[in-house]
Undergrad: 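The structure follows.
In what follows, chains carry the letters A, B, and so on, assigned in the order in which the sequence lines appear, proteins first and then strands, with residues in each chain numbered from 1. Quick caveat: nothing in here was measured; it's all calculated off a predicted structure.
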Amino acid sequence: MDTFLYLTRRVLQSLVVILIVTVVVFCLLHALPGGPARGILGPQATAQQIAQFNHEQGLDRSLPVQYLYYLRTLLHGDLGTSYTLNEAVSRLIEQRLPKTLVLTVLSALVGLALAVPLGMWQAVRRNRPVDYVITTLSFVAYSTPVYFLGLVLVLVFTQLLPWFPSQAPQGDTLGQVLAQPNALVLPVVAGAASMVAVFSRYMRAATLENLSEDYVRTVRAGGSGPRAILWRHVFRNSLTPVVAMLGYYVPVLFGGALVVEQLFNYPGMGLLFWSAAQSSDYPVLLGCVLVISVATVVGTLLADVVQRIIDPRVKAGRA
Amino acid sequence: MSAVLPVTPPVEAAAGYRHSVRRFARNRLAVAGLVVVILFLLFSFLGPLLYSTDQTHTNLTQVNLAPGGAHLLGTDAVGHDELGRLMYGGRVSLLVGLAAGILATVIGTLWGAIAGYAGGWIDAVMMRVVDAGIAIPALFILLVVSAITTPDTVGLILILGLVSWLVPSRLVRAETLTLKNRDYVLTLRAVGGTHGRAITRHILPNSVSTIVVAATFQVADAILLVAYVSYLGLGVQPPSTDWGGMLSAGLTAAYSGRWWLIVPPGLAIILVVCAFNAIGDGLRDTFDVRGRG
Amino acid sequence: MSILEIENLGVTFSTETGDVPAVRDVSLRVRPGETLALVGESGSGKSTVALAAMGLLPGSARATGRVRVGGTDVIGAAEADLAGLRGRTASMVFQEPATALDPLTRIGAQIAEVIRNHRPVPVKDAAREAVELLRRVGIPEPERRAFAYPFQLSGGQRQRVVIAMAIANAPSLLIADEPTTALDVTVQAEILDLLRGLAADSGTGVLLVTHNMGVVADFADRVAVMLQGEVVETGPVEEVLLRPTDDYTRRLLEAVPRLSLADPPSGARDRPVEEPVVDLREVSVRFGRGRRAVRALDGVSLTVRPGETVGLVGESGSGKSTAARVALGLVAPSAGSVSLFGADLGRAGGRARRALLSGVGVVLQDPVASLDARMSVGECVAEPLRVHRRGMSSAERRARVADVLELVRLPRDLAHRGPRELSGGQRQRVSLARALVLRPRLLVADEPTSALDVSVQRSVLEVIRELQDELGFACLFVSHDLAVVQQFAQHVVVLRAGRIEEEGSTATTLLHPRTDYTRRLIAAVPVPDPVLQRRRRDERRAAMGVKA
């Protein structure tokens, strides 16, 4: 299948997925009796106040109408206005999203850079002490709630050993954030930990599978040594399925960012979402979920495209 | 035609099962995981019979005591015995985790099996729904839910089950896709066997190992999610608690040096989640099925 | 001096159920310029000997005795020394061209790697040499093809690339492990010609591992026959194939289906005149849509009449399995019609369709995938009864299953065992029992014996034929093996790329083919008689030379 056709199909599929996401989130937000009005106006609000609020916000129409109305405004790039911050949701997200992306992309890069060699090392030393130790460590890293890990990191690296600040970089612009790399270390480590755990397991499994493939025997029969086999052949072949898994990991990365941002007081979208949840700021919640989901879908799409670039078979639509 | 490995001698009928047990038993991490899970179940459900504590009333004369003496693991900010609390919290964590994990597997199995077997546009639509579900990070949904309501235990199980059935549905769909083209299914279809028979007699029984492995990992993930739930403000209400609730309640105490409020629940969560992951790993190797790496 | 000397080689695999000896006390020699064929059935240990010679045994194997390649001891040698040997002194060609090449590396680079492993050649020169090698092994447009990935080549071309890698450093020993088993018969003939030419040009000694006696007759100078890990007979190819002394060798050769080349004593019989049990009319099948659609069948018409056997032959991708699946109602034709026992299968729905299908039995190729390992043999065989004879009591059903197991020459009490406990031949008989349990009027057999050893294949085919005489069912028999079809079918249909190339009575069609394609197909089948095969080969090449 040629690349253009493939891309068109994948983009259309992604659009369908995003549409379903908007429906899911919309239903979720309208699940409660009393509606968003009570959440904003508080339990003391009178019925009249609620009715007026609902009318002003367009919340007194039928659900499908509200949904269509919402879709139409979405197409204009309008995500509504925050109940509590009195600012356009799109504006808020515009300010916060780049910071979250910096955090997640850094975590992903650090995570992969550690996980890939670790997984290959384990595969080569299968069932030896190194393998067991790394396996156990990755189980522990996977099983530790991020907020607990963050707390331990803060206690150890800011109080016991005062190497890093306990607050993530503050500031409104990306430049200000990146100007304090020291302060980014702990949040990135907390965000990358479970990724190292998961992807070292993937890489270990993929490497083991490739080491037992027929082509390895052919390469050996041609007189290539173990190092050439591993790096020239097995490495690339193992990386392809791992890259494919990357797409599915994007939502987990964003979930991690939600906790990490709250924990280190990092002014990204996670923190915005967190405070919106505390104040039942539904337009912000809806906007954030939507944008995060679109980011996830785009991330998955990117992972697919990268996989097509590194694996010629996928390009031909055979794998 | 020419096998590199010699033909293995025929195995006894029951040996298939016994063989699996032996293979599993050789995976030391998996066996350790099983032991840990059993110990924690005994600890949480039978422990209170041996070590009885009052977990319903606050006792303001005995707050924030360090471990030792009458309270082996000290007391918390309202005077509950920490060791006893660990047992009561374990009940909720394990129960909710197991139930939610199994619920997610059941939903995912049904969804995936139907999509995979039906194929065509039904499959396409069902899988787009799964994609959409995966695209919304679970923690975000849970936080939205926490802004709306505070569920009881059953509600919590339902919510956790509903946000985590997506991965097993993909696994079971993939399994169904291969199984429905197996020669024995084709042979059945060729003599006029029904779809229902193909699914109930061949496809589901042959997916059991995949489903069991998926369920084990699912339980591990659910216990971890339960630990996040209190942190996100969805947890069970005091005086009841779970390990995640104890952990998030103890977060601030940790800065003032009261380590005994966070280390025991933290370790309990890590140990149990590790244990289920190790069991899942062992089962996957035993059954030789694909699952997550 | 011999280029390969094997003395008292023993190989033991350690498995979960204990140590399993695979090779015992094997001694062999290959001299420069000579081809030694190592033959045997599956599990005989012949591939293990080949891997031991390359030092490529898996980690679970333990080798004893002595293996010398070009004067260097292989057993116990350091991995680095072995790497120096492999690809230079000794090279290997493997069975499965589909998986033998690194899927993500361009083929030119894979060949160049073997060159640079042993000679300090600059990258550019190695690449040039790789193109030259591709030309030598007969890859068209080698300059361009050097940049292709393995998936862009056909199976035969991939095997040529593996051969190019093997001869890159002009080795003195070439080990070929079933090099043509996964290939179509015409491609097999080309690859054998190529290997023979290369070996003759360079005086390379060849160790050829194969189960195919025709290939042995075509290629080998000497033969060693293996049985259960031991060599039972060694000698020159004419001696072993024409005048075998060992009992096992004799039985093995007898079991090999031979393409008969002389007219049969009696003339061709007429086909039965009764109404056909299955009738495909102008059937076309397309997979996929739009530009990527593949035409699997294109206007195919064929009939099977009561009591007769129709052989459906063709190479891979010819559509023969698809045609069988259309007859079974598993694949719906995109054009044309199928009638079963006189009723239109496409129009019949629900109960009528199931009633029609109850008259058909199926045996498919793969002995492992054909039986659900979670059921007992009895449950597998009883499944059609559960579908169609709902009223049957379980006692009746058990009795019926035991009867039909006996019918296919299996013990009655096999019903309680699991499929995993059975050998491949036993499994295929269980499949046959399941196919016959409803006493069908038509048996559709899709390569029912292709995965079996020749001796087992023979006994399964015999059972089918005897039961056919006894029960009188018609048979649609799909096979790639012309010799088997010749023995088994009265009528033959030759498929090529989804179309019928020619059809007719087996006797006339396979002896006096009307089309070039069928002629080439038959000429490419190697016969297990070295003298005859040499003559056939010369004839085939002469015919091709004239055409070219």
Side-chain angles (χ1 to χ4, degrees), chain A residues 13-14 16-21 23-25 28-29 31-32 39 132 135-136 139-140 142-148 151-152 155 159 198-199 201-206 242 245 248 250-256 258-259 273-274 276-282 285 288-289 292-294 296-297 300, chain B residues 4 28-29 32-33 124-125 127-149 166-167 170 220-221 223-225 227-228 231-233 243-244 247-248 250-251 254-255 259 262-263 265-266 269-278 281 290 292-293:
Chain A
Q13 275 182 357
S14 304
V16 173
V17 168
I18 289 169
L19 208 64
I20 300 175
V21 167
V23 176
V24 171
V25 174
L28 197 65
L29 287 175
L32 76 162
Y132 287 125
T135 297
T136 310
F139 275 160
V140 171
Y142 183 82
S143 308
T144 310
V146 174
Y147 62 92
F148 185 57
L151 176 73
V152 171
L155 285 179
Q159 305 213 332
V198 172
F199 279 82
R201 302 295 293 157
Y202 284 147
M203 195 63 195
R204 177 183 182 271
V242 170
M245 293 312 297
Y248 296 118
V250 175
V252 186
L253 277 172
F254 281 124
L258 176 64
V259 178
F273 189 77
W274 191 280
Q278 309 309 319
S279 56
S280 296
D281 194 343
Y282 294 117
L285 287 178
C288 284
V289 167
I292 287 290
S293 305
V294 171
T296 304
V297 173
T300 315
Chain B
V4 173
R28 265 173 271 164
L29 269 178
V125 169
M127 282 300 118
R128 290 300 81 72
V129 172
V130 171
D131 286 348
I134 287 179
I136 313 173
L139 288 186
F140 281 73
I141 296 197
L142 291 179
L143 198 50
V144 172
V145 173
S146 81
I148 298 172
T149 175
L166 306 149
V167 174
R170 298 186 70 104
D221 280 3
I223 293 176
L224 202 53
L225 258 189
Y228 278 100
Y231 183 73
L232 298 174
W243 291 336
L247 195 51
S248 18
L251 283 182
Y255 289 100
W259 57 268
I262 57 158
V263 171
I269 293 169
I270 295 173
L271 271 174
V272 170
V273 177
C274 273
F276 274 105
N277 272 310
D281 235 37
R290 282 173 168 267
R292 77 181 188 203

Undergrad: I need the residue from A/Thr296, A/Val17, A/Ile20 with the largest number of non-hydrogen atom pairs under 4.5 Å to chain B.
TA: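 If we count pairs closer than 4.5 Å to chain B, A/Val17 comes out on top.
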Undergrad: For the interface with chain A, which of B/Ala275, B/Ala124, B/Ala227 has the highest count of heavy-atom pairs at distances below 4.5 Å?
TA: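 Among the listed options, the one with the most contacts to chain A is B/Ala227.
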Undergrad: Tell me which of these, A/Leu155, A/Thr136, A/Ile292, has more heavy-atom pairs under 4.5 Å with chain B than the rest.
TA: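 Highest number of heavy-atom pairs under 4.5 Å: A/Ile292.
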Undergrad: Any donor-acceptor pair under 3.5 Å linking the side chain of A/Tyr132 with the backbone of B/Leu29?
TA: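 Side chain of A/Tyr132 to backbone of B/Leu29: no pair is present.
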Undergrad: Which bit of B/Leu225 is near chain A, if near means a heavy-atom gap under 4.5 Å: side chain, backbone, both or neither?
TA: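 For B/Leu225, no heavy atom lies under 4.5 Å from chain A.
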Undergrad: Might you point out which heavy atoms bring B/Leu139 and A/Gly255 nearest each other, and give the distance in Å?
TA: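 For B/Leu139 versus A/Gly255, the nearest heavy atoms are CD1-O, 3.3 Å.
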Undergrad: Select one option (side chain, backbone, both, neither) describing which atoms of B/Ile136 are under 4.5 Å from chain A's heavy atoms.
TA: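 Its backbone and side chain both get close to chain A.
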Undergrad: Report which part of A/Val140 has an atom under 4.5 Å of a heavy atom belonging to chain B: side chain, backbone, both, or neither.
TA: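 For A/Val140, the contact with chain B is made by backbone and side chain together.
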Undergrad: Do the non-hydrogen side-chain atoms of A/Ser143 and B/Asn277 ever get within less than 4.5 Å of each other?
TA: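 They are in side-chain contact.
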Undergrad: Checking heavy atoms, do the side chain of A/Val259, its backbone, both or neither come under 4.5 Å from chain B?
TA: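 Contact with chain B: backbone and side chain both.
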Undergrad: Quick one: closest heavy-atom pair of A/Val289 and B/Phe140, and the distance?
TA: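 Smallest heavy-atom distance, with atoms named: CG2-CB, 4.5 Å.
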Undergrad: A/Leu258 versus B/Pro137: any side-chain heavy-atom pair under 4.5 Å?
TA: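 SC-SC contact between A/Leu258 and B/Pro137 ruled out.
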Undergrad: Side-chain contact test, heavy atoms from C-beta onward, threshold under 4.5 Å: evaluate it for A/Phe139 versus B/Asp281 and give yes or no.
TA: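 Yes, at least one pair of side-chain atoms sits under 4.5 Å.
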Undergrad: Checking heavy atoms, do the side chain of A/Ser14, its backbone, both or neither come under 4.5 Å from chain B?
TA: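 Contact with chain B is absent: no heavy atom of A/Ser14 under 4.5 Å.
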Undergrad: Just so I know, are the side chains of B/Val144 and A/Phe273 near enough to count as touching, which here means a heavy-atom distance under 4.5 Å?
TA: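 The answer is yes; the side chains approach within 4.5 Å.
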Undergrad: Assess, by modelled atom type and distance only, whether the side chains of A/Tyr248 and B/Asp131 contain a donor and an acceptor separated by less than 3.5 Å.
TA: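 Not at all, the side chains of A/Tyr248 and B/Asp131 share no donor-acceptor pair under 3.5 Å.
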Undergrad: Give the member of B/Leu143, B/Leu224, B/Ile134 that has the highest number of heavy-atom pairs under 4.5 Å with chain A.
TA: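 Of the options given, most contacts go to B/Leu143.
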Undergrad: Just so I know, are the side chains of B/Leu232 and A/Tyr147 near enough to count as touching, which here means a heavy-atom distance under 4.5 Å?
TA: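 No, every pair of side-chain atoms sits at 4.5 Å or beyond.
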Undergrad: Against chain A, label B/Ala278 side chain, backbone, both or neither, depending on which of its atoms sit under 4.5 Å from a heavy atom there.
TA: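 For B/Ala278, the contact with chain A is made by backbone and side chain together.
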Undergrad: Just to verify, what does A/Ile18 make a side-chain contact (heavy atoms from CB on, under 4.5 Å) with, not counting sequence neighbours?
TA: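 Here the qualifying residues are A/Val294, A/Val297.
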Undergrad: When heavy-atom pairs shorter than 4.5 Å are enumerated against chain B, which of A/Leu151, A/Thr135, A/Leu253 gives the highest number?
TA: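 Among A/Leu151, A/Thr135, A/Leu253, the one with the most close pairs to chain B is A/Leu151.
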Undergrad: Looking at every non-hydrogen atom in both residues, tell me the closest pair between A/Val146 and B/Tyr228 and how far apart they are.
TA: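 Shortest heavy-atom separation between A/Val146 and B/Tyr228 comes out as N-OH, 2.7 Å.
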